[in-house]
Amino acid sequence: MTNIDQVSIYDLLPPNAQADPTVSAAARSLDGRMRELTQQAKDLSFYRRLLEGKITDAEADERAWQDHVDFWDTSLPLEQKIQLLLKSKEFHRSKGTPGAIEDLVTILFGEGKVEEWFEYGGEPYHYRVTTNNPEVTLDRAQEFYRAVESVTRLSAHLEEVILSQTESLQLYFGTGMVVNEHIIIR
């Protein structure tokens with residue numbers, strides 16, 4: 001199977017037409033224009049450009065409105081917007097599940113883990129989210145809460161957000177031993 005980018009009108013001509021200088025010149029000039037048109041047709045495909053990461057902020061915002069992306073903030077970085085657009089249909093299919101919440105938290109705030117009430121002994125229909133992103137502070141708490149609530153089922157309630165943080169410390173441990181021997185000679 002031949003790729004459309006590699007098709008040449010000149011190559012499609014029969015040998016007697018290739019020998020005619022006027023026809024061969026016209027075919028070669030059309031080849032350049034066909035390559036331009038093929039590239040423009042590729043650029044029309046939004047999803048191809050989305051997968052390649054070649055969309056603009058304005059296109060991402062417009063497509064989020066069209067696809068009804070539940071959590072959207074126009075101030076998000078373009079990389080996060082692209083990830084949200086790629087996962088939007090999956091979020092709609094799995095809305096209300098811990099997996100949807102974990103995926104959204106992972107895209108927006110780094111790693112995230114959801115524990116349901118029966119896993120930690122909480123009240124029924126409650127859950128908590130554990131994340132390791134130190135940026136989930138009081139400043140971004142409303143944004144975090146709004147993001148999580150956008151994919152949560154109505155009967156479930158976010159009980160708490162646990163921020164787990166690991167720090168590397170230089171810890172030195174040492175021991176000492178003293179051996180004494182008393183000799184008494186009489």
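Every heavy atom of this structure was used, including side-chain atoms; hydrogens, water molecules and symmetry mates were not. Sequence positions, counted from 1, serve as the residue numbers for this chain.
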Item checked: L154, CG atom: more than 12 neighbouring heavy atoms under 6.0 Å -> no
Checklist line | Carboxylate-amine/guanidinium proximity below 4.0 Å for R146 and E143 | finding: no
Note to self: Do I107 and F91 make a side-chain contact, defined as non-hydrogen atoms from C-beta onward lying under 4.5 Å apart?
What the structure shows: yes
Next item on the list: Would you indicate whether the side-chain heavy atoms of L86 and L50 approach each other to under 4.5 Å?
Entry: yes
Item checked: S94 versus A100, closest heavy-atom pair with distance -> O-CB, 3.3 Å
Next item on the list: Indicate the atoms forming the closest heavy-atom contact of A26 with S29, along with that distance.
Entry: O-OG, 2.8 Å
Check: How many angstroms lie between CZ in R48 and NZ in K54, if you round to the nearest 0.5 Å?
Finding: 9.5 Å
Notebook entry, point to check: Are I162 and I101 connected, step by step, through hydrophobic side chains (Ile, Leu, Val, Met, Phe, Trp, Tyr) whose heavy atoms are closer than 4.5 Å?
Noted result: no
Item checked: Intermediate values then yes/no, salt bridge (Lys or Arg N to Asp or Glu O under 4.0 Å), D73 and K81 -> CA-CA 8 Å; D73 188 356; K81 289 180 179 183; over 6 Å; no
Next item on the list: Grab the two heavy atoms, one from V69 and one from W72, that are nearest each other, plus how far apart they are.
Entry: CG1-CE3, 3.8 Å
Notebook entry, point to check: For S8, does its backbone N or O pair with a side-chain atom of D31 as donor and acceptor, under 3.5 Å?
Noted result: no
Item checked: Side chains of L104 and F109 in contact at under 4.5 Å (non-hydrogen atoms) -> no
Item checked: Stepwise salt bridge (Lys or Arg N to Asp or Glu O under 4.0 Å) check, K95 with E149 -> CA-CA 10 Å; K95 193 171 188 171; E149 287 295 314; over 6 Å; no
Check: For the side chain of H92 and the backbone of E90, is there at least one donor-acceptor N/O pair under 3.5 Å apart?
Finding: no
Notebook entry, point to check: Do R49 and E59 come within less than 4.5 Å of each other through their side chains, counting heavy atoms only?
Noted result: yes
Checklist line | Minimum heavy-atom distance A60-I55, with the two atoms named | finding: CB-CD1, 3.9 Å
Item checked: Rounded distance [0.5 Å steps], CG in L84 versus CG in D103 -> 10.5 Å
Checklist line | E52 and Y47, any side-chain heavy atoms less than 4.5 Å apart | finding: no
Item checked: Heavy-atom donor-acceptor pair, Q80 side chain to L108 backbone, under 3.5 Å -> yes
Item checked: CA sep, side-chain torsions, deciding dist, call: E159, R128, salt bridge (Lys or Arg N to Asp or Glu O under 4.0 Å) -> CA-CA 5 Å; E159 187 172 331; R128 63 185 183 188; over 6 Å; no
Notebook entry, point to check: Heavy atoms, side chains only, cut-off 4.5 Å: are F71 and V148 in contact?
Noted result: no
Check: More than 12 heavy atoms of other residues, nucleotides or ligands under 6.0 Å from OH of Y125: is that the case?
Finding: no
Item checked: Exam field: side chain Q18 to backbone Y10, donor-acceptor pair closer than 3.5 Å -> yes
Notebook entry, point to check: Any chain of hydrophobic side-chain contacts (each under 4.5 Å) joining F46 to L51?
Noted result: yes
Next item on the list: Please report the closest heavy-atom contact between I9 and M34, naming both atoms and the distance.
Entry: CD1-CG, 3.7 Å
Check: Counting N and O atoms only, with roles assigned by atom type, does the side chain of T131 sit under 3.5 Å from a partner on the main chain of E111, one being a donor and the other an acceptor?
Finding: yes
Margin query: Looking at every heavy atom in both P124 and W117, which two are closest together, and how far apart are they?
Written below: CA-CD2, 3.4 Å
Item checked: Side-chain heavy-atom pair Y127, E115 within 4.5 angstrom cut-off -> no
Checklist line | Heavy-atom check, side chain of L78 versus side chain of T56, under 4.5 Å | finding: no
